[in-house]
Amino acid sequence: MSADHVSLVDVNNFYVACERAFDYSLRNRPVVVLSNNDGCVVARSQEAKDLGIPTGEPFFKIQRYMDSHNLAVRSSNYELYGDMSARVMELLGRFGTWHEVYSIDESFVGLEGNLEQVRSTAAQIRAAIDKTIGVPVCVGVSSTKTLAKLANHIAKHNPGLGGVCVQQLMDPEVLGSIMNRVPVTDVWGVGRKTGAKLAAMGIETIADLQAADPLAIRKKFSVVLQRTVFELNGQRCIGPVEERADRGQVMFTRSFSTPVRTYEAMEEVMSIYAQKAASRLASEGRYASLLTVTAGTSRFARGEASFPSAQVRLPRPTRDPILLSKLAIAAMRDLMQPGMDYVRGGVILSGLSDTPGEQQLDLFGQNVDPAAQEQENVSSVVQDISLRFGAKSIGLGHAGLARSPEWSMKREHISQRYTTDWDELLVVRA
DNA sequence: TCTGGGGTCCTAGGACCC
DNA sequence: TCTGGGGTCCTAGGACCC
């Protein structure tokens, strides 16, 4: 980051916007997108927000709105969202002096020039994304990331601004009244718990936090919140977003559509999830040195709970799907209590590196263990195929996908994969 | 009946060493 | 047996984010 301006660009109600970009029947009516398994609401259109539907609301509680308020419902379609995100990010990369992708629908972009020029560039970004991709974005501009987030928040809540807010161009009185009114929990990095603790100290609004003593904040909380105070005062201290390839772990965890109770079903889960996680590692060209398996009963159920979790240190960095699958199955078998209703489970790979561990070779350069050598060969073939044709194309043992397991994900309201699947391309009739 | 998934960062505390 | 401090490394857990 240089001595220019920081902007935050994000898509309004991203998942809903993606669905709407391809389906005109979803415009001007309440729309929600559901989590995996169609469990609860993860994204809402403005109309759905106006109906009072909160994020995280279980689907069954709002199903009645489908009839009474013409509510449209979609299962989440991550192929579509990932593809739309890539298009937005590619376009954003053409504007600005630097570009950091922060999440699936948010980027920080460095903008140069005087404030009027910056406002004009922000408006161009907005128009370009709307025209070529068909999703609405808001742009907030200020001197630090935390303030740019805040400016974006202001742009979103004040339609009169036309989706762009350059904080330095705001009327100081208007800005001041916002800072004195907006609760501190709306600041990036201040959540519910910290908000409650701050409130107990009399720090309730953004202006209160801005005026707080950074040293006192550091002592009572952490350097994280201290940095937030600095950033609110225009001092940049939040560094660049790390590149994805450097990140620390790969997870594959899911809720099941029906509970898993037996060793056999759990083995199937662990086997498939370990292979999915391994295939993700392969696509990123990385290897793991630590395997974690988890499972859990419902947090909402009465009666005895069970949250088995174990870590397995791998003998050497690997992404071998057979090895990971076997180890995950074995670790979970020792821990789970058959008969309990497990509603979720997962596999986490961490301790990631770019190079595999050394194989143990004998004096003649042969692998010490012929069985291990053979497994090595099979695994690399499996990895090769799943890299070329996708993880669904091949599976080992339990993961042979001749049938979908009973517990696998429910997606009853899925939209078409307009952009990523040849069989579901949008047909335009002229 | 039905309640998401995938991450990051920081801190405290224990084990171990000199 | 008791006395002491400083340092590193690792892990678990908390808090937050989208």
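Chain identifiers are assigned alphabetically (A, B, ...) following the order of the sequence lines, protein sequences preceding nucleic acid strands; residue numbering begins at 1 within each chain.
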Check your understanding: Taking the nucleotide of DNA chain B with the closest heavy atom to each, which residue, Q249(A) or N36(A), is nearer the 5' end?
Key ->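 First, find each residue's nearest nucleotide; the 5'-ward one identifies N36(A).
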
Check your understanding: With nearest nucleotides of DNA chain B determined for C40(A) and V224(A) from heavy-atom distances, which residue corresponds to the more 5′ nucleotide?
Key ->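 Counting from the 5' end, the first nearest nucleotide belongs to C40(A).
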
Point to revise | Qualifying residue for side chain to side chain contact (heavy atoms under 4.5 Å, CB included) with V229(A), from V187(A), D213(A), I217(A) | key: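 Among the candidates, only I217(A) passes.
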
How would you label the contact of [X] with the nucleic acid (heavy atoms, under 4.0 Å): base, sugar-phosphate, or nothing?
{"X": "D38(A)", "value": "nothing"}
{"X": "T194(A)", "value": "sugar-phosphate"}
{"X": "F252(A)", "value": "sugar-phosphate"}
{"X": "V190(A)", "value": "sugar-phosphate"}
{"X": "V33(A)", "value": "nothing"}
{"X": "K149(A)", "value": "sugar-phosphate"}

**Study point:** Under 3.5 Å side-chain donor-acceptor pair for D341(A) and T297(A)
**Key:** no

Point to revise | Modelled atom types, side-chain donor and acceptor of T318(A) and D320(A), under 3.5 Å | key: no

Practice item. Whenever both distances are under 3.5 Å in a Watson-Crick or G-U wobble pair, mark it; put DNA chain B into dot-bracket that way, with [ ] for crossing pairs and | when the partner is on another strand. Key: ....||||||||||||||

Check every atom of [options] against the side chain of [X] and return the nucleotide holding the closest atom.
{"X": "R280(A)", "options": "dC18(C), dG6(B), dG4(B)", "result": "dG6(B)"}
{"X": "R299(A)", "options": "dG6(B), dC16(C), dG4(B)", "result": "dG4(B)"}
{"X": "Y102(A)", "options": "dG4(B), dC18(C), dT3(B)", "result": "dC18(C)"}
{"X": "R344(A)", "options": "dC18(C), dT3(B), dG5(B)", "result": "dG5(B)"}

Could you state the atom-to-atom distance from [atom1] of [X] to [atom2] of [N] in whole Å?
{"X": "R192(A)", "N": "dA15(C)", "atom1": "CZ", "atom2": "P", "answer": "9 Å"}
{"X": "R44(A)", "N": "dG4(B)", "atom1": "CZ", "atom2": "P", "answer": "16 Å"}
{"X": "E100(A)", "N": "dT8(B)", "atom1": "CD", "atom2": "C1'", "answer": "14 Å"}
{"X": "I348(A)", "N": "dG6(B)", "atom1": "CD1", "atom2": "C1'", "answer": "9 Å"}
{"X": "R254(A)", "N": "dT3(B)", "atom1": "CZ", "atom2": "P", "answer": "16 Å"}
{"X": "R74(A)", "N": "dG4(B)", "atom1": "CZ", "atom2": "C1'", "answer": "19 Å"}
{"X": "I62(A)", "N": "dC2(B)", "atom1": "CD1", "atom2": "C1'", "answer": "12 Å"}
{"X": "L281(A)", "N": "dG7(B)", "atom1": "CG", "atom2": "P", "answer": "10 Å"}

Taking the six-membered ring of [Y] as reference, does the cationic atom of [X] (NZ for Lys, CZ for Arg) lie under 6.0 Å from its centre and within 45° of its axis?
{"X": "R261(A)", "Y": "Y342(A)", "value": "no"}
{"X": "R254(A)", "Y": "F256(A)", "value": "no"}
{"X": "R27(A)", "Y": "Y24(A)", "value": "yes"}

Check your understanding: Under the side chain to side chain contact (heavy atoms under 4.5 Å, CB included) criterion, do H69(A) and R64(A) qualify, and how do the steps go?
Key -> CA-CA 8 Å; H69(A) 290 79; R64(A) 63 198 156 89; over 6 Å; no

Please tabulate the protein-to-nucleotide N/O contacts below 3.5 Å involving nucleotides 9-14 of chain C, giving atom names and distances.
unit_1	atom_1	unit_2	atom_2	d
dT11(C)	OP1	R313(A)	NH2	2.5

Point to revise | E231(A) with R236(A): basic N within carboxylate O range, under 4.0 Å | key: no

Check your understanding: Ion pair present between R411(A) and E79(A), side-chain N to carboxylate O less than 4.0 angstrom?
Key -> yes

Review point. Are the ring of F300(A) and the base ring of dT3(B) both nearer than 5.5 Å at their centres and tilted by less than 30°?
Key: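 Whether judged by distance or by angle, F300(A) passes, so it stacks on the base of dT3(B).
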
Check your understanding: With a 4.5 Å heavy-atom cut-off, do V260(A) and E406(A) have their side chains touching?
Key -> no

Point to revise | Any Y287(A) side-chain heavy atom under 4.5 Å of L314(A) side chain | key: no

**Study point:** Short side-chain N/O contact from S103(A) to OP1 or OP2 of dG7(B), under 4.0 Å
**Key:** no

**Study point:** Any S35(A) side-chain N or O less than 4.0 Å from OP1/OP2 of dT3(B)
**Key:** no

